[in-house]
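Right, one structure below, let's go through it.
Indexing begins at 1, ligand by ligand and atom by atom, following the structure's order. Since the structure is predicted, the reported quantities are computational estimates derived from the model, not experimental observations. Computed over heavy atoms, backbone and side chain alike; hydrogens, waters and symmetry mates excluded.
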Amino acid sequence: MKRKKLMKNLLINLVEKNKKYTEEGKLASYIPALLKADKEALGLCVVDIKNNEEYWAGDSDVKFTIQSISKVVSLIIALNDNGRENVFKKVNVEPTGMGFNSIVNLEIRNQDRPYNPMINAGAIVTTSLIFGENEDHKLQRILNFLRRATNNPSIDINKEIYESEKATGDRNRSLAYFMKSSNILEGNVEEVLDLYFKQCSIEATAKDMARFAAVIANDGIAPWSDEILISREVCRIVKTIMVTCGMYDASGEFAVHVGVPAKSGVGGGIIATVPKRYGIGIYGPALDSKGNSIGGIHILKDLSEELELSIF
Ligand code: GLU
């Protein structure tokens with residue numbers, strides 16, 4: 001009982017302490033509908049894997065679009081469907097040191113694969129590798145996977161954000177057509193992009209994301225049912241890529257200060273996975289200059305110190 005109260009109080013204090021940073025951050029604006037978020041929102045949820053206990057504080061029930069966190073989902077499904085050799089023939093696993101939507105990388109590598117599955121080009125490729133009879137079937141597979149991995153059957157798309165992203169997604173269109181021209185991307189480019197925009201527009205809360213992170217942290221086993229949702233091997237690969245590439249080009253700094261596999265999105269979400277211990281979901285839409293939730297990063301630094309989370 002005492003332990004539960006301590007944890008609950010710790011989370012409440014961390015939200016209060018770090019809320020001030022949201023003033024310094026900015027909402028993502030290149031997808032216009034994201035500007036409707038409440039810039040001061042900040043909240044988190046922690047799932048303790050050992051006893052499947054959930055702790056939360058702040059805006060942990062506010063829905064947001066998962067954006068780049070969906071890159072973890074498409075990587076998991078693509079690896080399951082195709083096996084790792086086939087996936088990594090099309091997308092590499094090296095950090096870029098460049099922005100998440102960088103175009104220059106694709107040509108400099110002389111028509112090579114995109115650098116990794118956590119940047120836009122790489123994620124568009126993993127999305128294109130998802131099996132399905134048609135685009136709707138593929139989307140249903142993505143949604144069903146996430147519904148099981150969050151233990152929330154109502155997970156769905158935010159249509160307004162999807163429309164907004166589709167209407168303004170020319171940068172992603174450029175990346176995709178470039179990759180089609182160099183035979184990295186196969187199939188119908190518009191259909192692949194549509195699926196990619198939809199997966200980015202999936203809505204969830206920090207609580208949902210904490211459960212998803214807990215499954216990954218627990219080597220693919222749902223702590224609430226002991227069901228195997230992801231293979232241990234796929235989890236290992238995904239966590240490794242999250243450590244090296246998950247926090248945009250601040251991944252190295254994050255590894256030093258927090259030290260756990262994590263992935264963020266421009267909607268303000270972060271998932272952090274502490275192997276065998278915790279799944280953490282954060283929401284705070286005010287972003288720092290690298291595109292990570294500014295309040296979220298500060299909370300994770302503090303939490304890592306308090307609970308000694310670093311895996312290194
Ligand atoms: N949907 C966004 C895009 O493709 C995701 C970017 C992100 O969260 O980093 O631009």
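Under a 4.0 Å criterion applied to the non-hydrogen atoms of Tyr248, ligand 1 contributes the atoms 7 (C), 8 (O), 9 (O). Within ligand 1, counting atoms from 1 as listed, the ones closer than 4.0 Å to a heavy atom of Val266 are 6 (C), 7 (C), 8 (O), 9 (O). Listed by number with element, the atoms of ligand 1 under 4.0 Å from a non-hydrogen atom of Gly265 are 8 (O). The distance from ligand 1 to the heavy atoms of Cys200 drops below 4.0 Å at these ligand atoms: 1 (N). Ligand 1 places these atoms under 4.0 Å from at least one heavy atom of Asn120: 3 (C), 4 (O), 10 (O). Residue-ligand proximity, Asn172 to ligand 1, at heavy-atom distances under 4.0 Å covers atoms 3 (C), 4 (O), 10 (O).
Nearest protein heavy-atom contact of atom 1 (N) of ligand 1 is Glu165 OE2, 2.2 Å. If you check which protein heavy atom lies closest to atom 2 (C) of ligand 1, you get Gln67 OE1, 3.2 Å. Among protein heavy atoms, atom 7 (C) of ligand 1 sits closest to Ser68 OG, 2.6 Å. Closest to atom 10 (O) of ligand 1 among all protein heavy atoms lies Tyr30 OH, 2.8 Å. When hydrogens are left out, the protein atom nearest atom 4 (O) of ligand 1 is Tyr196 OH, 2.7 Å; that is the closest non-hydrogen contact.
A donor-acceptor pair under 3.5 Å is absent between the side-chain atoms of Asn218 and the main chain of Ala214, judged by distance alone. Using modelled atom types, one side-chain atom of Thr273 and one backbone atom of Pro261 make a donor-acceptor pair closer than 3.5 Å.
Residue Val125 is tested with Met179, Glu186, Arg113 for a side chain to side chain contact (heavy atoms under 4.5 Å, CB included); the sole match is Met179.
Side-chain polar atoms of Asn120 and Tyr196 form a donor-acceptor pair below 3.5 angstrom. Under 3.5 Å, the side chains of Asn144 and Arg141 contain no donor-acceptor pair of N or O atoms.
In this structure, Met247 CE and Ile270 CD1 are separated by 4.0 Å, a value rounded to the nearest 0.5 Å. For the atom pair CG (Asn80) and OG (Ser231), the distance works out to 6.0 Å, reported to the nearest 0.5 Å. Atom-to-atom distance recorded for Ser164:OG and Phe197:CZ is 10.5 Å, nearest 0.5 angstrom.
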